[in-house]
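For reference, the structure is listed below as C-alpha cells.
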2 protein chains.
Amino acid sequence: MHSNVKQNVVPLITPGLKVACSQCNLRELCLPFGLSESDMIRLDCLIGGGRKLKRGQHLYRAGDPFESIFAVKTGFFKTDVLTEDGRDQVTGFQMAGEILGMDGISTEVHACNAVALEDSEVCLIPFTELEALSSEIPTLQHHLHKVMSREIVRDHGVMMLLGTMRAEERLAAFLLNLSQRFTARGYSPAEFHLRMTREEIGSYLGLKLETVSRAFSRFQDEGLISVQQKHIRILDIARLKALLAPPDGRIS
Amino acid sequence: MHSNVKQNVVPLITPGLKVACSQCNLRELCLPFGLSESDMIRLDCLIGGGRKLKRGQHLYRAGDPFESIFAVKTGFFKTDVLTEDGRDQVTGFQMAGEILGMDGISTEVHACNAVALEDSEVCLIPFTELEALSSEIPTLQHHLHKVMSREIVRDHGVMMLLGTMRAEERLAAFLLNLSQRFTARGYSPAEFHLRMTREEIGSYLGLKLETVSRAFSRFQDEGLISVQQKHIRILDIARLKALLAPPDGRIS
DNA sequence: GTACCCCTTTGATCTGTGTCAATGCAACTT
DNA sequence: AAGTTGCATTGACACAGATCAAAGGGGTAC
C-alpha cells in the first residue's frame, strides 16, 4: 500500500558511491576545511563510503548506537527529538556540507532522529577513526572542535529565537537563515524551495502550523515575499531584516 | 556609588589558588573524568591556575578573544546572549564541575557572556594546550568530545522545553533539572537555594518574571513545593514529575 | 543598626497564538 | 482522467501568558 518513499528500509552502504574529500566541491564548507592536500587524502581513507537515502528515510534514530558522524553531500535533512510523553521538537535542518550526528558522542547512543527530507546522500565518518586521525592532524582536530562549537552557538541562537521572538520575527529569522545558507552554497539568496512542511517549520520555531501559514500569508500581503506552496521568493530582504530589529528597540 | 560587587573589575589570575585536578573532588564530574593518575598529572600541568570572581563579575564577555575554557570549581554562573536589538536570552546556568566557554572555539571569540551569580572560583584551561595534550591522551580527547556533545544534547533539551512546554511545565522541568544536578554533587535533592532572580529564570525559560513568580505561587498552593524567596523545598517530587508527562498523553 | 533599593508578589486587563473546524489545492495512485 | 490523500489556507473563538501597575519584603551597603 505504501510507496517505497515511506518504507524507511535500512539502506545499505554503497561502496561504489565513495567520493574523496579531496575531490568534493563541498570541502571548503565541510570537515576537510583548511587541510593540506596530503592530510585531506588521509581523511579520504577513513571516510567509509557514502550512503543514499530516499525522502522520508531515517539516517539514524534516537537510541541507535553511535558509530559515525555524517556529512551531508546532497539533499536535505531534519533532526528531531521526541520524548516519551509525545512531545516532538525539530532541532535543526541540515543541508550540503553540514555535519550530522554529533549528538551521539556523549552517550554512545544517538539522542535524536535524523530524517532525509528529500532524496539525499551522506558521507559516513567513523568517529573512532576520526578521533585517531585528528590526534595526528592538529588542523583536523581543531576544525572538528570548531564544528562542534558552531553547533553549540547555533543552538544558542535558536534558544534566543524561541525565548524572545514573536511569530513573525521567528519566521523572518528562519527565512533569512535559509537564504544565507543557500547563498553560501551558490544558490539564489532570494528564491528557494522549502523541503519541509509547515508543521516541521512550526515545530522548529515553536509555533503551530496554522501560525506559520498565517505569517507566510501576511508576509505575502505586505509584499515581503511571494509564497506558492513550498516555493519562496524573497522580494524585500531589507524589510524582512528590519522585522528582527524593531525600530523602538525593545531594550529591557 | 556602586558597591564593588557590581564593578565588574577584571579579576587577576591568582596563581596561589591552583589546585591540581588529581586532588580535586570534582574530578569525576569534570574534565579529568576517566583519566589515569599519570595522565591527570599531565592535565594538572597545563591548567593555568584558578580565578576568583565576586558575585556579578563577568568571567568573559561576548566579543572577548577566546583563549581558555573554564571549569567551575565553586559557585554558580549564568551565560547569556544579547543581540544588537536588545534581546537578551539566558542560555544556561553552570555549577561546580561544569565547563564554560566552549562557545568561543568556533570563531576564536566568545559568543556569549558568563557572569558569576555568587562568589565563585574557576579553573582556567588554555584551549590550545588542551588540544595539544588531548592529541596525546585519547581518553582526554574523547572526554572533551563528550563534554561538547553533552552541551549540544542539553541545548536540544532546552529547545524542546522552549518549543513545546507551557509555563508550569517549563518551571517544573527547571526545578527537576536543578534538583538532579545538586544531587549529583552531593547536595539535597529537595532543598536548595536559587542563585538567580525570577527574571533570569524567566529569560532562560522564555517567560516573563511575573509568570515565573505566579507559577511558583501556584506550585506552592498545590503543595508541590515551598517557596520562600530564593529558598526552594520540593515537597512532592512525583507530582512535579507528573506535570511533565500529562496523563492524556498529548500525542500529536 | 538602619535605610535604601532591588526583587518579588499579586491583581486587572490585553493580546498573540493556540485550538477547532472547514475548505481548498496539488501531487500521486490507479 | 478521476479519486485519494496529505498539506496548506483561512476563519471564529478561547485562553495562556504578557503587560501595566502597585504594594510588600528582604538583603545589602553604609
Side-chain angles (χ1 to χ4, degrees), chain A residues 1-7 54-56 78 87-88 117-119 161-172 193-203 205-221 225-232 243 246 248 250-252, chain B residues 1-7 54-56 78 87-88 117-119 161-172 193-203 205-221 225-232 243 246 248 250-252:
Chain A
M1 207 59 184
H2 289 80
S3 75
N4 59 7
V5 163
K6 291 269 172 169
Q7 275 179 4
K54 288 273 175 202
R55 178 156 69 95
K78 72 165 179 183
R87 291 179 212 280
D88 184 4
L117 295 181
E118 62 182 21
D119 294 1
L161 179 146
L162 291 170
T164 75
M165 293 188 185
R166 322 213 279 93
E168 294 193 358
E169 295 168 342
R170 295 184 197 193
L171 191 64
H193 192 82
L194 298 174
R195 273 73 172 182
M196 68 297 281
T197 66
R198 300 289 189 264
E199 185 166 19
E200 286 162 338
I201 297 172
S203 172
L205 299 178
L207 302 169
K208 291 295 160 184
L209 69 94
E210 294 94 328
T211 305
V212 173
S213 180
R214 277 185 249 270
F216 271 130
S217 300
R218 221 166 311 138
F219 284 176
Q220 179 158 247
D221 293 348
I225 63 175
S226 99
V227 189
Q228 229 154 358
Q229 298 292 125
K230 291 188 161 148
H231 185 85
I232 301 287
L243 277 183
D248 64 317
R250 194 173 302 152
I251 293 166
S252 63
Chain B
M1 206 61 182
H2 289 81
S3 72
N4 61 7
V5 163
K6 291 270 173 167
Q7 275 180 3
K54 289 272 174 202
R55 180 157 68 94
K78 72 165 177 182
R87 290 178 211 282
D88 183 3
L117 295 181
E118 62 182 21
D119 294 0
L161 179 146
L162 292 169
T164 75
M165 291 187 186
R166 323 216 274 88
E168 295 194 359
E169 295 168 342
R170 295 183 198 193
L171 192 64
H193 192 82
L194 297 174
R195 274 73 170 181
M196 68 296 284
T197 66
R198 301 289 188 264
E199 185 167 19
E200 287 163 336
I201 297 173
S203 172
L205 299 179
L207 302 169
K208 292 293 160 187
L209 68 95
E210 294 94 330
T211 305
V212 173
S213 178
R214 277 185 246 270
F216 270 131
S217 300
R218 221 165 311 136
F219 283 176
Q220 180 159 247
D221 293 347
I225 64 176
S226 98
V227 189
Q228 229 153 356
Q229 298 292 124
K230 291 188 161 147
H231 185 85
I232 301 287
L243 277 183
D248 63 320
R250 194 174 301 151
I251 293 167
S252 62

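So you know, we letter chains A, B, ... as the sequences are listed, proteins then strands, and number each from 1. The structure presented is a predicted model; accordingly, all values stated were derived computationally and were not measured.
Atom CZ in B:R166 sits roughly 20 Å away from atom P in C:dG16 (whole-Å rounding). Counting to the nearest Å, the C1' atom of C:dG11 and the CG atom of B:L209 are 15 Å from each other. Note: CZ (B:R218) to P (C:dG11) measures 11 Å, nearest angstrom. A:I232 places its CD1 atom 14 Å from the C1' atom of D:dT9, with the value rounded to the nearest Å. Taking atom NZ of A:K208 as the reference point, atom C1' of C:dG16 lies 15 Å away to the nearest angstrom. Residue A:L171 contributes atom CG, which lies 15 Å from atom C1' of C:dG16 at whole-angstrom precision. Look at CD on B:Q220: it is 8 Å from P on C:dT10, rounded to the nearest Å. The nearest whole Å value for the distance from the CG atom in B:L194 to the P atom in C:dC7 is 14 Å.
The residue A:G202 sits apart from the nucleic acid: no heavy atom pair falls under 4.0 Å. Residue A:Q229 is classed as a sugar-phosphate contact, given heavy-atom separations below 4.0 Å to backbone atoms only. Residue B:L207 is in sugar-phosphate contact alone, with no base atom involved, counting any heavy-atom pair closer than 4.0 Å across all strands shown. Nucleic acid contact for B:S213: base, since at least one base atom lies under 4.0 Å from a heavy atom of the residue.
Between the side chain of B:R198 and the main chain of B:E210, no donor-acceptor pair closer than 3.5 Å is present.
Taking every side-chain heavy atom of B:V227 into account, C:dT9 is the closest of C:dG18, C:dT9, C:dC7.
Nearer to the 5' terminus of DNA chain C, by closest-nucleotide assignment, is the contact made by B:T197 (compared with the other of A:E210 and B:T197).
Taking the side chain as every heavy atom from C-beta outward, A:R195 and A:E200 never approach each other to under 4.5 Å. In this structure the side chain of A:I232 reaches within 4.5 angstrom of the side chain of A:L194, judged on heavy atoms.
Here the straight-line distance linking atom OG1 of B:T211 with atom CD1 of B:I201 works out to 12.5 Å at 0.5 Å rounding.
Taking 4.0 angstrom as the limit, A:S217 places none of its side-chain polar atoms (N or O) nearer than this to OP1 or OP2 of D:dT9.
Between B:D119 and B:R55 there is no salt bridge, since none of the side-chain N atoms of the basic residue sits less than 4.0 Å from a carboxylate O of the acidic one.
Put simply, the side chain of A:E200 and the base of D:dC7 share no donor and acceptor less than 3.5 Å apart. Put simply, the side chain of B:R214 and the base of C:dG11 share a donor and an acceptor less than 3.5 Å apart.
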